[in-house]
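Some notes on the structure that comes next.
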2 protein chains.
Amino acid sequence: MAISEGLAIGALARRTGLADSAIRYYEAQGLITPWRNAGGQRRYQRADIRRLSFVMIAQQFGLTLPEIREVLSGLPGNRTPTPKDWTDISKGLRARLDQRIDTLTRLRDNLDGCIGCGCLSLPKCALYNPDDRAKSHGSGPRYLMGDAPDA
Amino acid sequence: MAISEGLAIGALARRTGLADSAIRYYEAQGLITPWRNAGGQRRYQRADIRRLSFVMIAQQFGLTLPEIREVLSGLPGNRTPTPKDWTDISKGLRARLDQRIDTLTRLRDNLDGCIGCGCLSLPKCALYNPDDRAKSHGSGPRYLMGDAPDA
DNA sequence: GTAATTTCTAAACCTAACTTTAGGTCAAGG
DNA sequence: CCTTGACCTAAAGTTAGGTTTAGAAATTAC
């Protein structure tokens, strides 16, 4: 084993706690880009441990993989990211988090008075305010009030 | 049209902003229980508008459909729910929301100092604290650090 | 040099929350 | 009566984020 040939996928998996299959999947999604050794196996840089850790954290914050790829694209491509590079791209996460917290707080504060009242079925109710895109998954469009006629 | 035969699915759909198919799906999941008219078509009570509105709100708060069914089971079965009935079952939502807000806030407060530092790849980092079950979906186990060796 | 591990790819499978499709029935208007 | 629109069911398709499986090739261990 030549010195510093990079990490094999299993090693990276053990370092991050992710499954091999998840790491390959992230590659398919453009989140990480290993090179191949002579035999065609994937090899990773040690900096990729941090990259995947960042992915995991961003997921906990509710970002989708395309969004995370977006954020990661803010890292320098030509060199190993520095701590400052990481904190820089984290600013965007911070902003998103702040917004989600605000939204949830607003929702919470409206909940008690709103559920029991007639507005529960009205588009004007603050709880229907569609600017909360914490909206998780499920595919097709699923319009959240707003055009709903009367009630 | 006899007076007060209940709402047809299309009417309920227009009132709530949901698709017909979604309403049928919710029925299959036990969230709503219409009766059938002579011709076999579904008929809904007007109180079901509120019931579905509640479902939509609870979803925004991140509850799964089984969880929502659970919560809705707290409503009286024998009569149309009163405003108080609704605020009562909303208490549980309120508690969940409080917890999510706390978690996000904690995460946010750790973010800045954490991303850039070495701990990003360490199990002890607060950002890896697995007690955040805001963890959305994806099937199999996907252990979030915690057993990860060193890094 | 051979056996045991890893890794490789492609394709199928999984869950949640729905939507779409296909083929038929019910209801309301003229 | 007839047509149009609303409804019905069952089954298959969709998206996100992965996992599982199968069979083959590369590495590592002894």
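Residue numbers begin at 1 in each chain, while the letters A, B, ... track the order of the sequences. Computed from a predicted structure; not experimentally measured.
Atom CD1 in A/Ile23 sits roughly 12 Å away from atom C1' in C/dT7 (whole-Å rounding). As rounded to whole Å, 15 Å separates atom P of D/dG17 from atom CG of A/Leu52. For A/Tyr25 and C/dC14, the OH to C1' distance is 13 Å, given to the nearest whole Å. When rounded to the nearest whole Å, the span between CH2 of A/Trp35 and P of C/dC8 equals 13 Å. When rounded to the nearest whole Å, the span between CG of A/Leu63 and P of D/dA16 equals 15 Å. For the pair A/Leu65 CG and D/dA16 P, the computed distance is 9 Å after rounding to whole Å. Regarding B/Arg69, its CZ atom lies at a distance of 11 Å from the P atom of C/dA17, rounded to whole Å. The interatomic distance linking A/Leu7 (CG) with C/dT7 (P) rounds to 11 Å, in whole Å.
Every residue two or more places apart in sequence or in another chain that forms a side chain to side chain contact (heavy atoms under 4.5 Å, CB included) with B/Asp88 is listed here: B/Lys84, B/Lys91. Residues passing the side-chain hydrogen bond (donor to acceptor under 3.5 Å, both in side chains) test with A/Glu27, sequence neighbours excluded: A/Arg42.
Residues B/Tyr25 and B/Leu31 fail the side-chain proximity criterion, which asks for heavy atoms closer than 4.5 Å. With a 4.5 Å cut-off on side-chain heavy atoms, A/Arg106 and A/Asp102 do not count as touching. Contact annotation: the side chain of A/Arg36 never approaches that of A/Gln41 to less than 4.5 Å [non-hydrogen atoms, C-beta and beyond]. In this structure, the side chains of B/Leu52 and B/Tyr44 stay at 4.5 Å or more apart for every pair of heavy atoms.
Comparing A/Ser21 and A/Ala38 along DNA chain D, the residue whose closest nucleotide (by nearest heavy atom) sits nearer the 5' end is A/Ser21.
Within the 4.0 Å cut-off from OP1 or OP2 of D/dG18, at least one side-chain nitrogen or oxygen of A/Tyr26 is found. For the OP1/OP2 pair of C/dT7 and a distance below 4.0 Å, the side-chain nitrogens and oxygens of A/Asn37 include no atom meeting the criterion. Residue A/Gln29 places none of its side-chain N or O atoms closer than 4.0 Å to OP1 or OP2 of D/dT15.
The pair A/Asp48-A/Arg15 does not count as a salt bridge, with every side-chain nitrogen at least 4.0 angstrom from each carboxylate oxygen.
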Next item on the list: Do nucleotides 1-9 of chain D as a string where each nucleotide becomes B, S or -: B if the base has a protein heavy atom under 4.0 Å, S if just the sugar-phosphate does, - if no protein is that close.
Entry: ------SSB
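Looking at heavy-atom distances under 4.0 Å, A/Ala19 makes contact with sugar-phosphate atoms alone, never a base.
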